[in-house]
Amino acid sequence: MESLQGVVERLTYHSEESGYTVARLKAPRTRELVTITGNFATIQAGQTLQLQGIWKDHPKYGTQFQVTQYRETKPATLTGIEKYLGSGLIKGVGPVTAKRIVTHFGLDTLDIIEHQIDRLVEVPGIAQKRVKLIQTAWTTQKAIKEVMLFLQGHGVSTTYAVKIYKQYGDAAIETVTHNPYQLATDVYGIGFVTADAIARNLGIAPGSEFRYRSGILHVLGEAGEEGHCFLPQTELVNQAVKRLEIADHHPQPDAIAPLIDQLVQEQALIRSEIPLDSLQDYACYAPTFYAAETKLAERVTELLQHPLEVDLERVQRWIDRCIEKTGTQLSDQQRVAVEMAAQSRVLILTGGPGTGKTTTTRTIVALWKAMGKTIALASPTGRAAQRLSELTGREAKTIHRLLEFDPKSMKFKRDSENPIPADAIVVDEASMLDLFLAHSLLKAIAPQAQLLLVGDTDQLPSVGPGAILHDLLTSERVPIVRLTEVFRQAQTSAIVRHAHQINRGQIPQFERVSNTPQSDCLWLGAPEPENGVQAMQELITDLIPSLGFDPAQEVQVLCPMTRGAVGTRNLNQVVQQLLNPPQPSRAELVRGGLTLRVGDRVIQTVNDYDREVFNGDLGVITTIDLEEQEVTVQFGDRAVTYDYADLNEITLAWAVTIHKSQGSEYPVIILPLYMQHYLMLSRNLLYTGLTRAKQLAILVGPQKAIALAVRQVKSQERYTLLNLRLQG
């Protein structure tokens, strides 16, 4: 074991997830920089470190110092202090401000900040307001370091230290020590697994009741993330037994079942009164899921109990005049839909691409307007709302905006007491409605209002829990119009024809990629993922621009999964390098192995009610402020600012999963399909991905993978009782 001291010159690599770091160190009396490797809780350029470790010869990278232990000491040189302060350590101090401070105070800089911070006003350009900001950041940084070192000692990823500190403040260490499982409940991104690892480090017994109860609720939470509204008790017990099993500890089902009874008594878990006859079992719900499902069923039933009285002959005359005046062609199915919309309290309009959902919706909106109704249009995502607005020529909002979410109370302002001020409401892309959004929406519809749900039931189910559109259809309680006739002009599109073939289980004959394609749906048979990556690069740089499309604005790569050579993680880096490479004039930021640049397309990965951006929203980075440690993203007509600590809410979106693309359309899509994703390949996944393309779709991969996707009809069965509740 040897010692080494020096100043961190620059970071070559730092993973916030594991803390693993490769850095270059300037050691005293050495001309060459030293490469150091190891796990660091936090590390910044400019830090002075005292290291313990061993020297190793790497066959590719040469001599490296592998660090086993380290501690930070104060920088001893002016350059070190300047680098340390300007490294992004303190919000409000970037390289320019750091240089001014060090120029003014010299080697006393850190002591001044520590003990006489008010003196920073002596520095030109630093006002009292900035001093207060720096003081808060410095104090917070010191506290965070303590928390980080504590957590690192108990096997916690450094990514979450700032969030833990934000949640608990100075009580962070006390909370984690007393009840590490609380983290899984309170801090986004820390699940039961991490909390369990901390608990074991703190000596909490693997068979403790405390651990078992947390594990049961965790299994129920995981089921929700997979789309289920509940789990049958037998399955909950079996999954909890598996989840709670560790090396020398094997829980028994008879230890879990009594704890479920306890949780039911405490109402931390609700066991439904509806027995699952086929399983001779009972449904176990998290309380919020139970309340949402039962109340949603009640609300739909209430609306259906108030039929409308309409002069149908008058409606039919209006339809005749509308057809004559506008030249709109309506099929018999479409005409029935318009007539039913006039008289139905709730109506579902469903059908595949090219069957005329848009024309029908537009005609229904025109009819409602002629009837003197106030109309609201909404969609689950911003992009879908924008498209709905373009198609109807009327303002459309996201459902969250329609319901007027209030970040202060974390609730929607629109509810049963304060309903949406509209007589008729259209919700497009209804297949994306999950349990909670559907409940909030239905709750806010006035008793005398009408609701039209428009969606394609053959698409993937919602990302969130439930199968709302599917359950409403199968309950046979809600009026439905299914459009099945594909219009002649839509049949000229190979995208539309192939989508319907896929739905019928037929493998389409795709036109091969060439320099002069005759079709809007092409196939490039690159056999291996590595060939596929190369092929996609060539499509983006050569073929697609030659067809008149702008790759930076109009092309979206859609993937079945995130992992692998043709997953979103790798392809995001590949496409970013092609379409938004580093430029000296543009700021960039490296966070946990992810490089973000001004001009990057990004996607929101969680619902952030404070910022009013939601899972799946796409935006573009417009500014990266290294001084204020903030990143601004333009989502449509809104600019949204993120602190560095919250950047794990967004990720690159040059490539996104097909699930995340729901509700969106793009001029051009590139869709890689390979056997390495065979677990995810399914008919509705391919159908959903293909129908995102407006003008051009290019599938990349072997025919074997496409054939597998068409053949595999993945069961969309989710544990939900909404259809039974609707049936009474």
Side-chain angles (χ1 to χ4, degrees), residues 296-320 322-323 328 330-351 355-379 388 391-392 394 396 399 402 416 419-431 433 438-439 441-457 468-485 722-723 725-728:
L296 174 58
E298 287 169 14
R299 189 74 192 101
V300 173
T301 305
E302 281 170 20
L303 284 170
L304 293 173
Q305 284 171 349
H306 295 85
L308 284 161
E309 289 186 16
V310 174
D311 182 345
L312 198 53
E313 285 186 13
R314 192 177 173 191
V315 169
Q316 289 169 338
R317 287 197 301 273
W318 180 90
I319 295 172
D320 292 336
C322 177
I323 291 170
T328 302
L330 293 182
S331 67
D332 292 343
Q333 290 176 337
Q334 288 176 302
R335 190 172 180 120
V336 167
V338 179
E339 290 174 8
M340 286 182 67
Q343 57 191 323
S344 301
R345 188 68 71 190
V346 181
L347 176 67
I348 296 172
L349 177 65
T350 184
T355 57
K357 292 196 301 293
T358 300
T359 302
T360 311
T361 303
R362 199 186 291 130
T363 308
I364 290 169
V365 168
L367 169 63
W368 279 343
K369 186 182 176 187
M371 294 171 79
K373 294 179 182 290
T374 53
I375 302 161
L377 306 177
S379 259
L388 180 60
L391 295 173
T392 59
R394 299 175 65 94
I399 296 173
L402 181 68
S416 54
I420 298 162
D423 303 316
I425 296 155
V426 179
V427 174
D428 196 14
E429 297 290 351
S431 61
L433 281 174
H439 172 234
L441 172 69
L442 269 292
K443 189 168 63 172
I445 291 173
Q448 75 281 1
Q450 292 176 263
L451 174 64
L452 173 66
L453 295 172
V454 185
D456 184 345
T457 53
I468 304 304
L469 191 61
H470 176 266
D471 283 353
L472 290 172
L473 289 165
T474 55
S475 73
E476 298 182 350
R477 287 290 187 269
V478 181
I480 303 158
V481 177
R482 285 187 174 88
L483 302 178
T484 55
E485 183 185 333
L722 178 61
N723 59 347
R725 293 185 194 282
L726 288 166
Q727 290 166 9

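This chain uses plain numbering: 1 for the first residue, then up along the sequence.
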J.: Tell me the closest heavy-atom pair linking V454 and K357, and the distance in Å.
T.: CG1-CD, 4.0 Å
J.: With side chain to side chain contact (heavy atoms under 4.5 Å, CB included) as the criterion, how do I480 and L473 come out once you've worked through the C-alpha distance, each side chain's angles and the decisive distance to 0.1 Å?
T.: CA-CA 7 Å; I480 303 158; L473 289 165; 3.4 Å; yes
J.: Is the side chain of R299 donor-acceptor paired with the backbone N or O of I445 at a distance under 3.5 Å, no angle test?
T.: yes
J.: Please assess D423 against T374 for the test side-chain hydrogen bond (donor to acceptor under 3.5 Å, both in side chains), listing each intermediate value before the final yes or no.
T.: CA-CA 5 Å; D423 303 316; T374 53; 3.0 Å; yes
J.: Distance only, no hydrogens: is a donor on one side chain within 3.5 Å (strictly under) of an acceptor on the other, for T484 and Q333?
T.: yes
J.: Should the heavy atoms of other residues, nucleotides or ligands under 6.0 Å from CD of E476 be counted, would the total exceed 12?
T.: no
J.: Drop me the distance from Q450's CD to M371's CE, to the nearest 0.5 angstrom.
T.: 6.5 Å
J.: Out of T360, T350, L452, L349, which one pairs with V481 under the side-chain contact (heavy atoms from CB on, under 4.5 Å) rule?
T.: L349
J.: How many angstroms lie between atom CG of L388 and atom CD of E429, to the nearest 0.5 angstrom?
T.: 9.0 Å
J.: Ion pair present between D471 and R477, side-chain N to carboxylate O less than 4.0 angstrom?
T.: no
J.: Just by distance, do the side chain of E485 and the backbone of S331 share a donor-acceptor pair under 3.5 Å?
T.: no
J.: Tell me if a side-chain donor or acceptor on S475 pairs with a main-chain N or O of L472 at a distance below 3.5 Å.
T.: yes
